[in-house]
Amino acid sequence: MAARSESVADEVLVTGAAGFIGFHVARRLLDEGRRVVGLDNLNHYYDPSLKRARLDILRRNPAFSFMQIDLGDRSTMADLFARHRFPRVIHLAAQAGVRHSIDHPHAYVDANLVGFLNVLEGCRRNGCEHLIYASSSSVYGANTEFPFSTLHRTDSPISLYAATKKANELMAHSYSHLYRLPVTGLRFFTIYGPWGRPDMAMFLFADAIMKGTPIKLFNHGRMRRDFTYIDDVTRVVSRLIDRVPEDSAGAATAPAKLYNVGNNRPEPLMHVVSLLETELGRTAHKEMLAMQPGDVPETFADVGDLMQDAGFSPSTAIETGVRHFARWYREHYGI
């Protein structure tokens with residue numbers, strides 16, 4: 001295999017770079033002096049103009065380059081990896097959304113399974129030294145043992161989205177075992193912050209409050225979520241990118257790690273709505289509804305192993321995070 005050229009030796013591939021988490025991760029890596037190749041297909045799951053606005057910010061840095069590629073395009077993905085031979089890959093692209101997966105199952109198979117396979121193949125065939133990939137707290141399904149630990153069983157998903165994310169963990173582990181590919185999976189817990197996704201709770205609530213439309217509160221508002229601010233997430237990725245899992249001896253082991261990335265403190269949904277009302281200066285109209293299929297009443301992340309291995313401790317209180325998000329929302333939409 002040809003040696004990696006010096007011109008691309010420090011490149012990091014960030015898939016989903018036009019997405020919420022991908023954008024913030026790419027920007028942090030650029031601020032740290034790394035060169036980033038961003039990949040995204042700019043699909044219409046939500047308004048692509050928001051994705052393009054994020055990309056406009058990233059493009060201000062000459063160390064950033066962007067490619068519009070679909071993860072499911074096998075030959076194009078193979079060519080990309082063969083040309084760049086990325087030493088570090090951060091895979092954040094996926095078809096997201098628990099509820100969307102109920103009505104659009106094929107999109108999840110194409111992006112989350114076929115697309116991830118193409119990433120794994122690119123990594124193992126081209127000397128990738130560390131793959132970090134996004135999993136989800138949804139893999140815990142209807143688990144009622146709190147806080148959620150990576151030691152808990154996760155073999156009973158209650159949505160197709162969760163099933164594809166669990167499949168990603170299994171696929172990554174098998175590649176790690178078979179090909180000694182170092183992999184780190186991150187189970188994200190309700191990420192929020194500026195430039196967030198319009199289909200996520202924080203954005204949906206703010207939108208409804210400002211437009212005077214009802215907020216849909218499932219389980220009659222009796223929900224708790226481990227809301228995790230985006231800056232804490234990027235801090236985790238920054239600390240882990242060069243922390244390559246060790247290759248243990250023995251046929252039954254693999255250089256693989258799995259972490260929860262959460263705030264380690266579930267917040268009542270009604271408290272979050274109240275904070276948004278305060279920050280936006282308006283009262284929410286609330287529509288109380290029954291629990292939706294595929295949803296769970298509470299999430300709560302045990303991040304002890306992440307604290308031990310990477311010195312990570314979530315540092316953004318929900319009050320601070322909501323304030324930052326609300327300020328961005330009003331500025332971005334000129335409200």
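Hydrogens, waters and symmetry mates are skipped; everything else that's a heavy atom, side chains included, is used.
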Sidechain N-carboxylate O distance under 4.0 Å for [X], [Y]:
| X | Y | answer |
| --- | --- | --- |
| R88 | D242 | yes |
| D309 | K257 | yes |
| R52 | D56 | no |
| R327 | E331 | no |
| E287 | K216 | no |

Counting only heavy atoms not in R330, do more than 12 sit closer than 6.0 Å to its CZ atom?
-> yes
If you draw a 6.0 Å radius around NZ in K286, do more than 12 non-hydrogen atoms from other residues or ligands fall strictly inside?
-> yes
I'd like to know if the side chain of [X] reaches the main chain of [Y], judged simply by a donor and an acceptor atom lying under 3.5 Å from each other, with no hydrogens or angles considered.
| X | Y | answer |
| --- | --- | --- |
| R35 | A63 | no |
| N126 | G122 | yes |
| K165 | A134 | yes |
| S176 | P255 | yes |
| E11 | F86 | no |
| K51 | N43 | yes |
| D40 | Q68 | no |
| D73 | T76 | yes |

Is there a chain of hydrophobic side chains (I, L, V, M, F, W, Y, each step under 4.5 Å between heavy atoms) that links [X] to [Y]?
| X | Y | answer |
| --- | --- | --- |
| V183 | L113 | yes |
| F81 | I69 | yes |
| V272 | L289 | no |
| L186 | V244 | no |
| I335 | F203 | yes |

Tell me, do [X] and [Y] make a side-chain contact under 4.5 Å, heavy atoms counted?
| X | Y | result |
| --- | --- | --- |
| H152 | E145 | yes |
| V14 | V37 | no |
| E32 | S238 | yes |
| L258 | H173 | no |
| E267 | E319 | no |
| N112 | L71 | no |

E298 and its salt bridge (charged side-chain N to carboxylate O under 4.0 Å, His left out) partner, picked from R222, R225, R265, R224 = R224
Should V322 and M202 be marked as a side chain to side chain contact (heavy atoms under 4.5 Å, CB included) after you check the CA-CA gap, both sets of side-chain angles, and the distance that decides it?
-> CA-CA 8 Å; V322 170; M202 195 74 68; 4.0 Å; yes
By ring pair (Phe, Tyr, Trp, His ring centres under 6.0 Å), which residues pair with F312, not counting sequence neighbours?
-> none
Worked verdict on D231 versus R235 for salt bridge (charged side-chain N to carboxylate O under 4.0 Å, His left out) | CA-CA 6 Å; D231 286 0; R235 205 155 45 88; over 6 Å; no
Side chain to side chain contact (heavy atoms under 4.5 Å, CB included) assessment of M171 paired with F116 | CA-CA 9 Å; M171 293 164 70; F116 189 47; 4.1 Å; yes
Can you say whether the rings of [X] and [Y] are parallel (under 30°), tilted (30 to 60°) or perpendicular (over 60°)?
| X | Y | answer |
| --- | --- | --- |
| Y108 | Y161 | perpendicular |
| F325 | Y329 | tilted |
| W328 | Y333 | perpendicular |

If you take all heavy atoms of S159 and A162, which pair is closest and at what distance?
-> OG-N, 3.0 Å
Between D31 and R28, does a salt bridge (charged side-chain N to carboxylate O under 4.0 Å, His left out) hold up when you go through it step by step?
-> CA-CA 5 Å; D31 289 344; R28 179 166 191 131; over 6 Å; no
Once you round to the nearest 0.5 Å, how far does NE2 of H220 lie from CE of M270?
-> 12.5 Å
Using a distance-only test with no angle check, is there a side-chain donor-acceptor pair under 3.5 angstrom linking [X] and [Y]?
| X | Y | value |
| --- | --- | --- |
| H285 | T213 | no |
| T15 | H91 | yes |
| Y140 | R187 | yes |
| D226 | S137 | no |
| K166 | T154 | yes |
| S135 | E169 | yes |

Do F23 and W195 have ring centroids that are under 6.0 Å from one another?
-> yes
Looking at F148 versus F146, is the centre-to-centre ring distance below 6.0 Å?
-> yes
Test side-chain contact (heavy atoms from CB on, under 4.5 Å), reference F188, set I21, N260, T228, output is I21
Sort out for me which residue in V36, I90, V89 forms a side-chain contact (heavy atoms from CB on, under 4.5 Å) with L13.
-> V89
Ring pair (Phe, Tyr, Trp, His ring centres under 6.0 Å) partners of residues 42-67, not counting sequence neighbours, each pair once = Y45-H100
Is the Lys NZ or Arg CZ of R197 less than 6.0 Å from the centre of F20's six-membered ring, within 45° of the axis?
-> no
